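What follows is one structure encoded as structure tokens, with my remarks underneath.
Just so you know, these numbers come straight off a predicted model, no measurement behind them.
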Amino acid sequence: MTVYAALLRLYPRDFREEYAEDMALLLHAQLRDEPAARVWARALLDLALTIPPQHLEARMSRSVSTPAVYGALGVVSAVLATLSLWTVGLAPVGVVGVLLFGGLAVVAWRRAHALDGTGHAAAHWWKYLVAGAVGLAAALGSVAGRDELAAGPWAVFAGVLLTSLVLLATGACLFVIRGHRPA
């Protein structure tokens, strides 16, 4: 519990004063009733998703979207990964950043939509198509005019290409599903 108390100190002071005791009691109750690995994994994910926006909200008058923050960090990581085509040493940093921040953005987006009760995922088919098209354009643009790619940049290219194709296919499938649902 002392580790969790230390992690709670990462929240802004006002938030901590209002919620830290309740959060610690909840974690203690969950540890009593569930496997520790599951509870800690969920707690760490929650901390990663809530600490940054709490700090931003403490400094701003309006709420900041957690998925947007992590999405922006994912885009920065993707740019870093693309730059790795010229500086191979940056490839692992960029790829890890894309995977980490992209994953956190998706989880935060799904959590936000689960909590606010907004529509079915099929209603957002066009977002998958746009993301897939942008990724495909970025992947193809990064290799334009090149004869051959080294192993590291090739892996980044292949990952972005595969992800883009999956997003395009997902968007197309959701479009078909959306077309067969009653309005």
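More than 12 non-hydrogen atoms from other residues, nucleotides or ligands lie less than 6.0 angstrom from CZ of Arg42. Counting heavy atoms of neighbouring residues, nucleotides and ligands inside a 6.0 Å radius, atom CD of Glu34 exceeds 12 of them.
Nearest heavy atom pair, residue Ala43 against residue Tyr4, reads CB-CE1, 4.2 Å. In this structure, Arg9 and Arg16 approach most closely via the heavy-atom pair O-NH1, 3.1 Å. Contact between Leu8 and Leu47 at its shortest, heavy atoms only, is CD2-CD2, 4.3 Å.
Here Val160 pairs with Ala139, Val156, Ser164 under the side-chain contact (heavy atoms from CB on, under 4.5 Å) rule; sequence neighbours left out. By the ring-ring contact (aromatic ring centres under 6.0 Å, His included) test, Tyr11 pairs with Phe15, sequence neighbours left out.
In this structure, Asp46 CG and Ile51 CD1 are separated by 8.5 Å, a value rounded to the nearest 0.5 Å.
Linking Ile, Leu, Val, Met, Phe, Trp and Tyr residues whenever their side-chain heavy atoms come within less than 4.5 Å leaves Leu26 and Leu10 in two separate clusters.
Within the 4.5 Å cutoff, side-chain heavy atoms of Leu44 are placed close to those of Leu7.
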